[in-house]
There are 2 protein chains.
Amino acid sequence: MQKRVSLKDIANKVGVSIALVSYVINGQEKEKRVGAEVVKKIREAAEELNYQPNQIARSLRMKSTKTIGLIVADIANPFFGHLARIIENEASNQGYTVIFGSSDEDQFKSESLINTLSNRQVDGFIIVPTEGTIGQIRELAKKKTPFVLVDRYFPEINASHVVLDNYRATYDATVQLINEGYRNISLCAYELDLIHMKERIRGYREAMQYNNLAENLHLVEIRPEHYKEDIGKAFDEIVAVQKESRALIFATNALSVYGLYCIQKKSLKIPKDIAFFGFDGGESFDLFDPPLSFVQQPLEEMGKESFNVLLNLINGSSKITQVMLSPALIVRNTVNT
Amino acid sequence: MQKRVSLKDIANKVGVSIALVSYVINGQEKEKRVGAEVVKKIREAAEELNYQPNQIARSLRMKSTKTIGLIVADIANPFFGHLARIIENEASNQGYTVIFGSSDEDQFKSESLINTLSNRQVDGFIIVPTEGTIGQIRELAKKKTPFVLVDRYFPEINASHVVLDNYRATYDATVQLINEGYRNISLCAYELDLIHMKERIRGYREAMQYNNLAENLHLVEIRPEHYKEDIGKAFDEIVAVQKESRALIFATNALSVYGLYCIQKKSLKIPKDIAFFGFDGGESFDLFDPPLSFVQQPLEEMGKESFNVLLNLINGSSKITQVMLSPALIVRNTVNT
DNA sequence: TTTGATTATTTAAACGTTTAAGCATATATT
DNA sequence: AATATATGCTTAAACGTTTAAATAATCAAA
């Protein structure tokens, strides 16, 4: 790394003090009444030396890094990748950069990430919180660190969040299937103590109950670490027990994709043998023949909104903003079409 | 943001100088001969006040931020998302954090990203370079900024890189299809002035020539901004002209996925009507019936290797390391199976 | 011709670290 | 007893900015 040029270098070259150079570089030559001649010389010297400000020094002095920390479950997961991309764009438009980390749904990794990023003095966090991290989030709130939770949140904590209306997502999907004539509708969800999952389960459950299908309620709870095994078992059971009017709703994208894989393996046809309702888009859903139905999350809104809420907090607002975004049903493989 | 505790706070509490506290915090109490009693007091105070070092201040002083900049084409693209994830892990293991940015294959965004991250004093870069950015890369080299190019590189620049053996990837895929008995083999690639694409095209071309199929050579060049239109046209042409023994190789994942979409739309059956060879894995390839063949990139190696090469450069090595990784063919939908 | 205001510039502290150098004091060596 | 060495701690500069305050120079008003 070659030595970078600093304000001092410009000051020396022009023969003025560092302060003047700083004023000019920051466009404060008017307020600070810098002489026209000097302004010109400083500008030229900066240009000539190709001066680039040292953000680290500036951050130290200003106590603001113009950097946010983004903690997702896994950046390799396209859902979070997309979200990250949208947040990155929004941040960049506002002069912020993003440091990211993947928690892997592990509370210890989450804790270590929060610490690392805090020590790097990020101005705020956007966090997809993981099971068991409620204490960490509480701690952030206690320290008055600006942060926004996305995708999931803790109802016990009064903090800003931007999430999907998960209840409505599965409720609507279930009703859609009921309207299409299905009766044996199962929901495949993670066994997870996080509100978004609980809500998705509740949406399904209530939709079934309100439509007098309580006795057909069939909730398949999948252990995240054994999802392949558990989904496999669930299929065996469904195929053995339900003989007709079968439909399957998946509560996450990963579950949907592996579910599809099983459906293929068992040579079941969608929607003839079993109807399918996935979560989040994905290339496979379009490629299927016929294309598959799924719950679509408003990712763009989710990303933009979460950054903007965070920005407000960073700028000193203490208003807590809780946003619940509406899902959209992309309905395609109905028996009727 | 609550005021964070600094070395000074600890020093005041214990009643010693800041220097002593720094020594103890950094585990230098032996070398710097700090009294046992004082060490204990400082440790206790640090614990009690929950001291967390300010990395920004440390960075300024040490001229090292323990941060790297990662510039990919698009973090939302699962290929880059995975790569980012692997790099993130590797970096984290070595005490580094990652600031990322997506260039969108746009040279101006790339330039602005490089500048922003440089000003944030990243210790080095991992870059997936974009068309037209050779000047920016040259500039980095000139300034002796540590960097590693991944996925693509510029043969004109003597710098470290970690890439796939792209020539072999398409060469092997082509030969595989020839061995399966296909004769009318087309390659669908981007019209792009980047070495990885050129090499993929060359691999296909030479495989055809060496097997006396030069007259069947059919290269479909897709304009990145009009890929849907161009792929559509290509299909019309292929279906119209080639009547039998048809096979299609795609030079990137995105092309593969949209290609699949077209194949579905045209109700072509794989491999009966047309054989398929994709690039990079992807959930859809497994879900297809029968599962699809593709060229697999050693992502794990690519990520780890690129970070380690970068780390060497950061640590002062001036050795240029150029790594070419071998692709693997995942062969599945052959006519023979 | 002093005073006051205006204009242009410098000084210096601060942000939170790290670390070389200096300064006491105690202990060991001759 | 004088000197050398070891021990324990402090001082202060440095990293590259920002910015309030001080200073100096110029000019206008009285």
Side-chain angles (χ1 to χ4, degrees), chain A residues 1-43 45-46 49-67 118-123, chain B residues 1-43 45-46 49-67 118-123:
Chain A
M1 279 281 215
Q2 211 170 265
K3 195 199 163 299
R4 292 174 63 104
V5 334
S6 68
L7 292 184
K8 197 173 179 180
D9 297 321
I10 300 181
N12 286 341
K13 178 163 178 141
V14 177
V16 293
S17 72
I18 294 176
L20 275 197
V21 181
S22 174
Y23 294 145
V24 172
I25 296 290
N26 291 302
Q28 302 185 285
E29 64 269 16
K30 286 276 176 298
E31 305 90 299
K32 305 291 179 170
R33 308 166 310 211
V34 184
E37 186 64 16
V38 171
V39 169
K40 186 155 162 283
K41 279 203 211 150
I42 290 175
R43 287 257 165 71
L49 298 176
N50 186 28
Y51 171 74
Q52 296 291 131
N54 182 326
Q55 278 295 341
I56 294 293
R58 174 176 276 171
S59 296
L60 179 61
R61 169 64 216 232
M62 306 286 268
K63 294 179 156 296
S64 146
T65 53
K66 292 274 176 185
T67 302
S118 286
N119 295 352
R120 284 173 198 250
Q121 315 295 121
V122 295
D123 293 342
Chain B
M1 278 282 213
Q2 211 170 266
K3 197 200 164 302
R4 293 174 62 105
V5 335
S6 68
L7 292 183
K8 197 173 178 180
D9 297 321
I10 300 180
N12 286 342
K13 180 166 178 138
V14 177
V16 294
S17 72
I18 294 176
L20 274 197
V21 181
S22 174
Y23 294 145
V24 172
I25 296 290
N26 291 302
Q28 302 185 288
E29 64 268 16
K30 287 276 176 300
E31 306 90 299
K32 306 290 178 169
R33 308 166 313 212
V34 184
E37 185 63 19
V38 171
V39 170
K40 185 154 162 284
K41 279 204 213 150
I42 290 176
R43 287 256 164 72
L49 298 177
N50 187 28
Y51 170 74
Q52 297 291 130
N54 182 326
Q55 278 294 341
I56 293 292
R58 176 176 274 171
S59 296
L60 179 60
R61 169 65 216 231
M62 307 286 268
K63 295 179 153 297
S64 145
T65 52
K66 292 273 177 188
T67 302
S118 286
N119 295 353
R120 282 170 201 253
Q121 315 294 121
V122 295
D123 293 343

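Just so we're on the same page: letters track the sequence lines, and every chain starts at 1. Only a predicted model underlies this, so the values are computations on that prediction, with no experimental measurement involved.
- Among pairs with a residue in residues 49-62 of chain B, those fulfilling side-chain hydrogen bond (donor to acceptor under 3.5 Å, both in side chains) read A:N119-B:Q52, B:N26-B:R58, at least two apart in sequence or across chains.
- Distance NZ (A:K63) to C1' (C:dA13): 14 Å, rounded to an integer number of Å.
- Judged by closest nucleotide on DNA chain C, A:G15 is the one of A:G15 and B:Q52 placed further toward the 5' end.
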Item to complete: Assign a letter to each nucleotide of nucleotides 19-26 of chain C from its 5' end: B, base within under 4.0 Å of a protein heavy atom; S, sugar-phosphate only; -, no contact.
Response: BB------
Practice prompt. Report the C-alpha distance between B:R120 and B:T67 in whole Å, list the side-chain angles of each, state the deciding distance to 0.1 Å, and finish with yes or no for side-chain hydrogen bond (donor to acceptor under 3.5 Å, both in side chains).
Written response: CA-CA 9 Å; B:R120 282 170 201 253; B:T67 302; over 6 Å; no
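- One interatomic measurement links the two molecules: NZ of B:K41 to P of D:dG8, which rounds to 14 Å at whole-angstrom precision.
- Base contact: B:S17 has a heavy atom under 4.0 Å from a base atom.
- Annotation: side-chain contact (heavy atoms from CB on, under 4.5 Å) contacts of B:K40 (sequence neighbours excluded): B:E44.
- In this structure, the helix from C:dT1-D:dA30 to C:dT30-D:dA1 shows an angle of 70° between the axis at its start and the axis at its end, each fitted on 5 base pairs and rounded to 10°.
- Rounded to whole Å, atom C1' of D:dT7 lies 14 Å from atom NZ of B:K30.
- Distances shorter than 4.0 Å separate none of the side-chain N or O atoms of A:R58 from OP1 or OP2 on D:dG16.
- Contacts classified as salt bridge (charged side-chain N to carboxylate O under 4.0 Å, His left out) and involving residues 17-31 of chain A (residues at least two apart or in different chains) are given here: A:E29-A:R43.
- In this structure, OG1 in A:T65 is found 8.5 Å from CD1 in A:I56, a value given to the nearest 0.5 Å.
- Following rounding to the nearest Å, A:I56 (CD1) and C:dT18 (C1') show an atom-to-atom distance of 16 Å.
- A distance of 6.0 Å separates NZ in B:K3 from NZ in A:K63, rounded to the nearest 0.5 Å.
- Distance A:Y51 OH to D:dG16 P: 10 Å, rounded to the nearest Å.
- Atom CZ of A:R4 and atom C1' of D:dT17 are 13 Å apart (whole Å).
- In this structure, A:I25 and A:S22 have side chains that are not in contact, with every pair of non-hydrogen atoms separated by 4.5 Å or more.
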Quiz: residues 5-14 of chain B side-chain donor-acceptor pairs under 3.5 angstrom, not counting sequence neighbours:
residue : atom : partner : partner atom : Å
B:S6    : OG   : B:K8    : N            : 3.3
B:S6    : OG   : B:D9    : OD2          : 3.4
B:D9    : OD2  : B:S6    : N            : 2.8
B:N12   : ND2  : B:K8    : O            : 3.4
B:K13   : NZ   : B:E48   : OE2          : 3.0

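- Rounded to an integer number of Å, the gap from CD of A:Q121 to P of C:dT17 is 8 Å.
- The CG atom of A:L20 sits 11.5 Å away from atom CD of A:Q28, with the distance rounded to the nearest 0.5 Å.
- Rounded to whole angstrom, the span from the CG atom of B:L60 across to the P atom of C:dG16 amounts to 12 Å.
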